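Quick caveat, the model's predicted, so the values are computed rather than measured. In each ligand, atom 1 is the first atom listed, and ligand 1 is the first ligand listed.
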Amino acid sequence: MKITSVTGIALRVPCAPIADALSTSTARQALLVRIDTDAGLFGIGEAFSFGAPLAAMKAILEAQLAPSLIGEDPQDIERIWQTLYWRTIANGRRSLTMACISGVDIALWDLMGKACRMPVCRLLGAYSDRVPSYASGGFYAPGKDLDGLRREIEGYLSRGYRDAKIKIGRTMDRPGAPLSYMANRDWAVTPEEDFRRVAAAKELLGDGLLIVDTNASWDSYIALSRGRELARLGVEWLEEPIPFEDLEGYTRISRELPQLRIIGCETQQGADNFATMIRSDALDIAQPDAGWVGGISETLKIGAVAKAAGRKISLHCFGSSVLFAASLQVAAAMSNTERIESEENPNPLKTDLVRTPFETDEHMSFLVPQGEGLGIELDWDKVSDFTVEV
Ligand SMILES: [Mg+2]
(Lines give C-alpha, C1' and ligand atoms only; values in the text may rest on other atoms or scores of the structure.)
Protein backbone atom coordinates (compact mmCIF):
# COMPACT_ATOMS: atom_id res chain seq x y z
CA MET A 1 0.00 0.00 0.00
CA LYS A 2 1.31 3.43 -0.96
CA ILE A 3 0.15 6.92 -0.07
CA THR A 4 -1.17 8.76 -3.13
CA SER A 5 -2.42 12.07 -1.70
CA VAL A 6 -2.52 14.15 1.48
CA THR A 7 -5.21 16.79 1.81
CA GLY A 8 -6.05 19.33 4.49
CA ILE A 9 -9.76 20.03 4.94
CA ALA A 10 -10.39 23.32 6.75
CA LEU A 11 -13.66 23.40 8.72
CA ARG A 12 -15.19 26.38 10.45
CA VAL A 13 -18.58 27.17 11.94
CA PRO A 14 -19.61 30.30 13.90
CA CYS A 15 -20.55 29.86 17.55
CA ALA A 16 -21.99 31.99 20.34
CA PRO A 17 -19.06 33.79 22.04
CA ILE A 18 -17.34 31.91 24.87
CA ALA A 19 -14.16 32.80 26.72
CA ASP A 20 -11.63 31.20 29.01
CA ALA A 21 -9.14 33.17 31.12
CA LEU A 22 -7.55 34.58 27.99
CA SER A 23 -9.06 33.60 24.65
CA THR A 24 -12.47 34.31 23.16
CA SER A 25 -14.03 32.00 20.58
CA THR A 26 -16.67 33.14 18.12
CA ALA A 27 -16.19 30.19 15.78
CA ARG A 28 -15.17 26.56 16.05
CA GLN A 29 -12.71 25.18 13.57
CA ALA A 30 -10.71 22.08 12.70
CA LEU A 31 -8.09 21.01 10.21
CA LEU A 32 -8.88 17.48 9.08
CA VAL A 33 -6.11 15.47 7.41
CA ARG A 34 -7.14 13.01 4.73
CA ILE A 35 -4.58 10.50 3.44
CA ASP A 36 -5.55 8.43 0.39
CA THR A 37 -3.79 5.29 -0.84
CA ASP A 38 -3.50 3.16 -3.97
CA ALA A 39 -5.41 0.41 -2.14
CA GLY A 40 -8.58 2.50 -2.16
CA LEU A 41 -8.40 2.98 1.61
CA PHE A 42 -8.13 6.40 3.19
CA GLY A 43 -7.33 7.59 6.68
CA ILE A 44 -8.64 10.64 8.50
CA GLY A 45 -6.95 12.62 11.24
CA GLU A 46 -7.19 16.03 12.90
CA ALA A 47 -4.60 18.63 13.76
CA PHE A 48 -5.60 20.67 16.83
CA SER A 49 -6.09 24.20 15.53
CA PHE A 50 -7.54 26.38 18.32
CA GLY A 51 -7.19 30.01 17.23
CA ALA A 52 -4.63 29.19 14.52
CA PRO A 53 -4.79 30.34 10.89
CA LEU A 54 -6.10 27.29 9.05
CA ALA A 55 -4.46 28.50 5.82
CA ALA A 56 -1.04 28.28 7.47
CA MET A 57 -1.74 24.79 8.78
CA LYS A 58 -3.04 23.57 5.41
CA ALA A 59 0.11 24.97 3.77
CA ILE A 60 2.40 23.21 6.27
CA LEU A 61 0.53 19.96 5.69
CA GLU A 62 0.29 20.07 1.92
CA ALA A 63 3.46 21.96 0.95
CA GLN A 64 5.90 20.85 3.65
CA LEU A 65 4.80 17.40 4.92
CA ALA A 66 2.95 15.85 1.96
CA PRO A 67 6.02 15.50 -0.33
CA SER A 68 7.63 13.27 2.33
CA LEU A 69 4.51 11.10 2.47
CA ILE A 70 3.61 10.47 -1.18
CA GLY A 71 4.71 6.96 -2.21
CA GLU A 72 5.39 5.80 1.36
CA ASP A 73 3.81 2.72 2.94
CA PRO A 74 1.30 4.22 5.44
CA GLN A 75 1.82 1.28 7.78
CA ASP A 76 5.38 2.43 8.59
CA ILE A 77 3.95 4.87 11.12
CA GLU A 78 6.93 5.31 13.43
CA ARG A 79 9.39 5.69 10.57
CA ILE A 80 7.11 8.25 8.92
CA TRP A 81 6.74 10.17 12.21
CA GLN A 82 10.49 10.36 12.68
CA THR A 83 10.97 11.35 9.04
CA LEU A 84 8.49 14.23 9.31
CA TYR A 85 9.99 15.39 12.62
CA TRP A 86 13.58 15.43 11.37
CA ARG A 87 12.84 16.91 7.95
CA THR A 88 11.09 19.90 9.60
CA ILE A 89 13.37 20.29 12.61
CA ALA A 90 14.93 23.58 11.51
CA ASN A 91 11.58 25.36 11.71
CA GLY A 92 9.21 22.82 13.25
CA ARG A 93 9.60 20.89 16.51
CA ARG A 94 6.55 22.49 18.08
CA SER A 95 3.44 24.53 17.39
CA LEU A 96 1.64 24.22 14.06
CA THR A 97 4.17 21.84 12.48
CA MET A 98 3.77 19.34 15.32
CA ALA A 99 -0.01 19.80 15.15
CA CYS A 100 0.09 18.84 11.46
CA ILE A 101 2.35 15.86 12.19
CA SER A 102 -0.24 14.88 14.83
CA GLY A 103 -3.01 15.00 12.25
CA VAL A 104 -0.97 12.86 9.85
CA ASP A 105 -0.17 10.33 12.60
CA ILE A 106 -3.84 9.99 13.52
CA ALA A 107 -4.79 9.50 9.87
CA LEU A 108 -2.10 6.80 9.53
CA TRP A 109 -3.46 4.93 12.57
CA ASP A 110 -6.97 5.20 11.09
CA LEU A 111 -5.62 3.70 7.86
CA MET A 112 -3.81 0.94 9.74
CA GLY A 113 -7.02 0.04 11.53
CA LYS A 114 -8.93 -0.06 8.26
CA ALA A 115 -6.21 -2.18 6.64
CA CYS A 116 -6.29 -4.63 9.58
CA ARG A 117 -10.09 -4.36 9.92
CA MET A 118 -9.79 -3.52 13.60
CA PRO A 119 -10.45 -0.49 15.78
CA VAL A 120 -7.22 1.36 16.65
CA CYS A 121 -7.74 0.59 20.33
CA ARG A 122 -7.46 -3.15 19.68
CA LEU A 123 -4.43 -2.68 17.44
CA LEU A 124 -2.76 -0.91 20.36
CA GLY A 125 -3.69 -3.67 22.79
CA ALA A 126 -6.96 -2.61 24.32
CA TYR A 127 -7.21 -2.03 28.04
CA SER A 128 -10.90 -1.11 28.23
CA ASP A 129 -13.96 -0.83 26.01
CA ARG A 130 -14.93 2.50 27.60
CA VAL A 131 -13.34 5.67 28.91
CA PRO A 132 -14.61 7.63 31.94
CA SER A 133 -15.22 11.30 31.18
CA TYR A 134 -15.96 14.64 32.75
CA ALA A 135 -18.10 17.45 31.36
CA SER A 136 -15.86 20.26 30.20
CA GLY A 137 -17.47 23.69 30.07
CA GLY A 138 -18.03 26.47 32.55
CA PHE A 139 -16.77 29.16 30.19
CA TYR A 140 -17.34 32.87 30.58
CA ALA A 141 -19.92 34.35 28.20
CA PRO A 142 -21.83 37.61 27.79
CA GLY A 143 -24.68 37.82 30.30
CA LYS A 144 -23.71 34.52 31.95
CA ASP A 145 -23.99 34.96 35.71
CA LEU A 146 -23.75 32.55 38.61
CA ASP A 147 -27.21 31.19 37.83
CA GLY A 148 -26.18 30.62 34.23
CA LEU A 149 -23.22 28.56 35.43
CA ARG A 150 -25.47 26.65 37.84
CA ARG A 151 -27.97 25.83 35.06
CA GLU A 152 -25.14 24.59 32.87
CA ILE A 153 -23.80 22.25 35.54
CA GLU A 154 -27.29 21.04 36.47
CA GLY A 155 -27.67 20.11 32.80
CA TYR A 156 -24.51 17.99 32.96
CA LEU A 157 -25.64 16.27 36.14
CA SER A 158 -29.06 15.51 34.65
CA ARG A 159 -27.35 13.69 31.79
CA GLY A 160 -25.38 11.46 34.14
CA TYR A 161 -22.09 13.31 34.49
CA ARG A 162 -20.64 13.32 38.00
CA ASP A 163 -17.50 15.35 37.31
CA ALA A 164 -16.99 18.71 35.61
CA LYS A 165 -14.46 21.35 34.69
CA ILE A 166 -14.94 25.09 34.72
CA LYS A 167 -12.77 27.98 33.57
CA ILE A 168 -11.30 30.39 36.09
CA GLY A 169 -8.75 33.20 36.01
CA ARG A 170 -10.38 35.73 33.68
CA THR A 171 -9.23 38.62 35.86
CA MET A 172 -7.59 42.01 35.36
CA ASP A 173 -6.58 42.27 39.01
CA ARG A 174 -2.88 42.98 38.62
CA PRO A 175 -0.53 44.96 36.40
CA GLY A 176 0.50 42.91 33.41
CA ALA A 177 -2.35 40.43 33.82
CA PRO A 178 -2.21 38.36 30.61
CA LEU A 179 -5.83 39.25 29.85
CA SER A 180 -4.72 42.87 29.38
CA TYR A 181 -2.99 41.80 26.15
CA MET A 182 -6.09 40.19 24.67
CA ALA A 183 -8.25 41.82 21.99
CA ASN A 184 -11.39 41.02 23.99
CA ARG A 185 -11.18 41.80 27.71
CA ASP A 186 -14.93 41.67 28.35
CA TRP A 187 -16.61 39.39 30.89
CA ALA A 188 -13.66 39.63 33.28
CA VAL A 189 -14.37 38.86 36.93
CA THR A 190 -12.66 39.53 40.24
CA PRO A 191 -10.85 36.69 42.02
CA GLU A 192 -13.66 36.76 44.61
CA GLU A 193 -16.27 36.28 41.88
CA ASP A 194 -14.23 33.36 40.57
CA PHE A 195 -14.23 31.79 44.03
CA ARG A 196 -18.03 32.18 44.11
CA ARG A 197 -18.25 30.44 40.73
CA VAL A 198 -16.09 27.61 42.07
CA ALA A 199 -18.19 27.32 45.25
CA ALA A 200 -21.43 27.25 43.22
CA ALA A 201 -20.06 24.50 40.98
CA LYS A 202 -18.85 22.41 43.93
CA GLU A 203 -22.16 22.78 45.75
CA LEU A 204 -23.92 21.17 42.79
CA LEU A 205 -21.28 18.51 42.12
CA GLY A 206 -21.12 17.33 45.73
CA ASP A 207 -18.80 14.32 45.81
CA GLY A 208 -18.13 14.68 42.09
CA LEU A 209 -14.74 15.83 40.90
CA LEU A 210 -14.35 19.57 40.27
CA ILE A 211 -11.56 20.62 37.91
CA VAL A 212 -10.64 24.26 37.38
CA ASP A 213 -8.58 25.54 34.46
CA THR A 214 -6.72 28.85 34.33
CA ASN A 215 -5.36 28.30 30.80
CA ALA A 216 -1.87 29.18 32.02
CA SER A 217 -2.90 32.72 32.97
CA TRP A 218 -1.34 32.73 36.46
CA ASP A 219 2.22 32.76 37.75
CA SER A 220 3.43 30.44 40.48
CA TYR A 221 2.91 32.99 43.29
CA ILE A 222 -0.74 33.50 42.38
CA ALA A 223 -1.20 29.76 41.95
CA LEU A 224 0.21 29.08 45.41
CA SER A 225 -1.92 31.71 47.14
CA ARG A 226 -5.20 31.03 45.29
CA GLY A 227 -4.63 27.30 45.12
CA ARG A 228 -5.07 26.95 48.86
CA GLU A 229 -8.47 28.64 48.68
CA LEU A 230 -9.42 26.47 45.71
CA ALA A 231 -8.57 23.35 47.71
CA ARG A 232 -10.59 24.66 50.66
CA LEU A 233 -13.56 25.10 48.30
CA GLY A 234 -13.31 21.46 47.23
CA VAL A 235 -11.39 21.71 43.97
CA GLU A 236 -9.37 18.55 43.32
CA TRP A 237 -7.61 19.14 39.99
CA LEU A 238 -5.94 22.41 39.02
CA GLU A 239 -5.36 22.48 35.26
CA GLU A 240 -2.48 24.30 33.59
CA PRO A 241 -2.11 27.00 36.27
CA ILE A 242 0.97 28.61 34.66
CA PRO A 243 2.81 28.52 31.31
CA PHE A 244 4.77 25.29 30.84
CA GLU A 245 7.97 27.24 30.29
CA ASP A 246 8.11 27.86 34.06
CA LEU A 247 9.13 24.34 34.96
CA GLU A 248 10.44 25.29 38.42
CA GLY A 249 7.16 27.08 39.10
CA TYR A 250 5.23 23.90 38.27
CA THR A 251 7.44 21.85 40.56
CA ARG A 252 6.89 24.32 43.42
CA ILE A 253 3.14 24.36 42.90
CA SER A 254 2.95 20.56 42.79
CA ARG A 255 5.03 20.16 45.93
CA GLU A 256 3.50 22.98 47.96
CA LEU A 257 -0.12 22.25 47.09
CA PRO A 258 -0.41 18.53 47.83
CA GLN A 259 -4.17 19.01 48.31
CA LEU A 260 -4.49 19.61 44.56
CA ARG A 261 -3.56 17.41 41.63
CA ILE A 262 -1.73 19.51 39.07
CA ILE A 263 -2.74 18.52 35.53
CA GLY A 264 -1.32 19.76 32.21
CA CYS A 265 -0.33 20.81 29.72
CA GLU A 266 -2.50 20.84 26.62
CA THR A 267 -0.13 23.46 25.17
CA GLN A 268 2.97 21.28 25.65
CA GLN A 269 4.15 19.05 22.80
CA GLY A 270 6.41 16.03 22.41
CA ALA A 271 7.00 13.01 24.63
CA ASP A 272 10.44 14.30 25.60
CA ASN A 273 8.99 17.56 26.93
CA PHE A 274 6.36 15.68 28.93
CA ALA A 275 9.05 13.34 30.23
CA THR A 276 11.01 16.36 31.50
CA MET A 277 7.92 17.69 33.28
CA ILE A 278 7.14 14.32 34.84
CA ARG A 279 10.77 13.78 35.95
CA SER A 280 10.71 17.24 37.51
CA ASP A 281 7.62 16.43 39.59
CA ALA A 282 5.84 19.22 37.74
CA LEU A 283 2.67 17.28 36.98
CA ASP A 284 0.49 14.84 38.89
CA ILE A 285 -1.52 13.97 35.79
CA ALA A 286 -0.32 14.28 32.19
CA GLN A 287 -2.83 15.97 29.91
CA PRO A 288 -1.62 15.91 26.31
CA ASP A 289 -3.87 16.62 23.34
CA ALA A 290 -3.43 13.89 20.71
CA GLY A 291 -4.01 16.39 17.89
CA TRP A 292 -1.27 18.73 19.13
CA VAL A 293 1.28 16.68 21.05
CA GLY A 294 2.35 14.46 18.17
CA GLY A 295 -0.59 12.18 17.44
CA ILE A 296 -1.57 8.79 18.76
CA SER A 297 2.05 7.58 18.59
CA GLU A 298 3.37 10.34 20.84
CA THR A 299 0.39 10.13 23.20
CA LEU A 300 1.14 6.44 23.79
CA LYS A 301 4.74 7.28 24.69
CA ILE A 302 3.62 9.96 27.15
CA GLY A 303 1.22 7.46 28.67
CA ALA A 304 4.10 5.01 29.09
CA VAL A 305 6.38 7.63 30.65
CA ALA A 306 3.60 8.63 33.05
CA LYS A 307 2.87 4.99 33.87
CA ALA A 308 6.52 4.31 34.63
CA ALA A 309 6.52 7.29 37.03
CA GLY A 310 3.31 6.17 38.73
CA ARG A 311 1.26 8.98 37.18
CA LYS A 312 -2.09 9.06 35.45
CA ILE A 313 -3.00 10.44 32.05
CA SER A 314 -6.15 12.36 31.13
CA LEU A 315 -6.38 13.43 27.51
CA HIS A 316 -7.26 16.99 26.60
CA CYS A 317 -9.72 17.12 23.72
CA PHE A 318 -11.21 20.32 22.30
CA GLY A 319 -11.90 19.61 18.65
CA SER A 320 -14.12 17.80 16.19
CA SER A 321 -15.49 14.27 16.39
CA VAL A 322 -12.37 13.03 14.55
CA LEU A 323 -10.07 14.13 17.37
CA PHE A 324 -12.51 12.86 19.98
CA ALA A 325 -12.66 9.42 18.33
CA ALA A 326 -8.86 9.28 18.10
CA SER A 327 -8.58 10.31 21.74
CA LEU A 328 -11.04 7.63 22.83
CA GLN A 329 -9.15 4.96 20.89
CA VAL A 330 -5.78 5.76 22.44
CA ALA A 331 -7.13 6.57 25.92
CA ALA A 332 -8.77 3.15 26.07
CA ALA A 333 -5.45 1.48 25.25
CA MET A 334 -3.63 3.00 28.26
CA SER A 335 -4.14 1.41 31.68
CA ASN A 336 -3.32 4.67 33.49
CA THR A 337 -6.08 6.66 31.80
CA GLU A 338 -8.02 8.60 34.45
CA ARG A 339 -10.75 10.34 32.50
CA ILE A 340 -11.11 11.97 29.11
CA GLU A 341 -12.27 15.54 28.53
CA SER A 342 -15.77 15.59 27.10
CA GLU A 343 -16.20 19.12 25.85
CA GLU A 344 -19.80 20.21 26.11
CA ASN A 345 -19.87 23.66 24.51
CA PRO A 346 -22.24 23.65 21.51
CA ASN A 347 -20.01 22.47 18.64
CA PRO A 348 -21.49 21.08 15.41
CA LEU A 349 -18.02 19.86 14.41
CA LYS A 350 -18.17 17.44 17.32
CA THR A 351 -21.84 16.47 17.15
CA ASP A 352 -22.86 16.66 13.47
CA LEU A 353 -19.94 15.21 11.49
CA VAL A 354 -20.41 11.55 12.39
CA ARG A 355 -23.19 9.32 11.12
CA THR A 356 -23.52 7.53 14.48
CA PRO A 357 -23.32 9.58 17.70
CA PHE A 358 -20.80 8.61 20.37
CA GLU A 359 -22.37 6.33 22.97
CA THR A 360 -22.01 6.45 26.74
CA ASP A 361 -23.01 4.26 29.63
CA GLU A 362 -25.18 5.65 32.42
CA HIS A 363 -22.13 7.13 34.20
CA MET A 364 -21.00 9.02 31.08
CA SER A 365 -18.12 6.73 30.29
CA PHE A 366 -17.73 6.82 26.51
CA LEU A 367 -17.86 3.50 24.70
CA VAL A 368 -14.94 3.13 22.32
CA PRO A 369 -16.31 2.97 18.75
CA GLN A 370 -15.69 -0.58 17.53
CA GLY A 371 -15.64 0.11 13.79
CA GLU A 372 -12.40 -0.10 11.81
CA GLY A 373 -9.72 2.52 12.42
CA LEU A 374 -11.01 5.43 14.48
CA GLY A 375 -14.34 3.61 14.43
CA ILE A 376 -16.40 6.50 13.06
CA GLU A 377 -18.04 7.15 9.73
CA LEU A 378 -18.00 10.77 8.63
CA ASP A 379 -21.01 12.36 6.96
CA TRP A 380 -19.16 13.84 3.98
CA ASP A 381 -22.11 16.10 3.10
CA LYS A 382 -21.76 17.68 6.54
CA VAL A 383 -17.99 17.90 6.06
CA SER A 384 -18.66 19.86 2.84
CA ASP A 385 -21.18 22.10 4.61
CA PHE A 386 -18.55 23.15 7.17
CA THR A 387 -15.60 23.33 4.76
CA VAL A 388 -14.19 26.80 4.18
CA GLU A 389 -11.78 28.05 1.54
CA VAL A 390 -8.53 29.18 3.15
MG1 LIG B 1 -7.22 23.55 29.47
Colleague: Less than 2.8 Å from the Mg ion (ligand 1) is the window; count the protein N, O or S atoms in it.
Modeller: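 The number of such protein atoms is 3.
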
Colleague: Under a 4.0 Å threshold between the charged nitrogen and the carboxylate oxygen, would Glu229 count as salt-bridged to Arg226?
Modeller: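 No, this pair does not count.
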
Colleague: Is Asp36 salt-bridged to Arg34, cutoff N-O under 4.0 Å?
Modeller: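 Looking at Arg34 together with Asp36, the answer is yes, because their closest N to O distance falls below 4.0 Å.
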
Colleague: Should the pair Arg130-Asp361 be classified as a salt bridge under the 4.0 Å nitrogen-to-oxygen rule?
Modeller: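 Salt bridge present between Arg130 and Asp361.
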
Colleague: Given the rule that I, L, V, M, F, W and Y join up when any side-chain heavy atoms are under 4.5 Å apart, are Leu32 and Phe42 in one cluster?
Modeller: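 Yes, Leu32 connects to Phe42 through the hydrophobic network.
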
Colleague: Could you check whether Arg117 pairs with Glu372 (Lys NZ or Arg NE/NH1/NH2 to Asp/Glu carboxylate O, under 4.0 Å)?
Modeller: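 Counted as a salt bridge, because a side-chain N and a carboxylate O are separated by less than 4.0 Å.
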
Colleague: Would you mind checking if Arg311 and Glu338 are paired as a salt bridge, meaning a charged N to carboxylate O distance below 4.0 Å?
Modeller: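 Arg311 and Glu338: not salt-bridged.
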
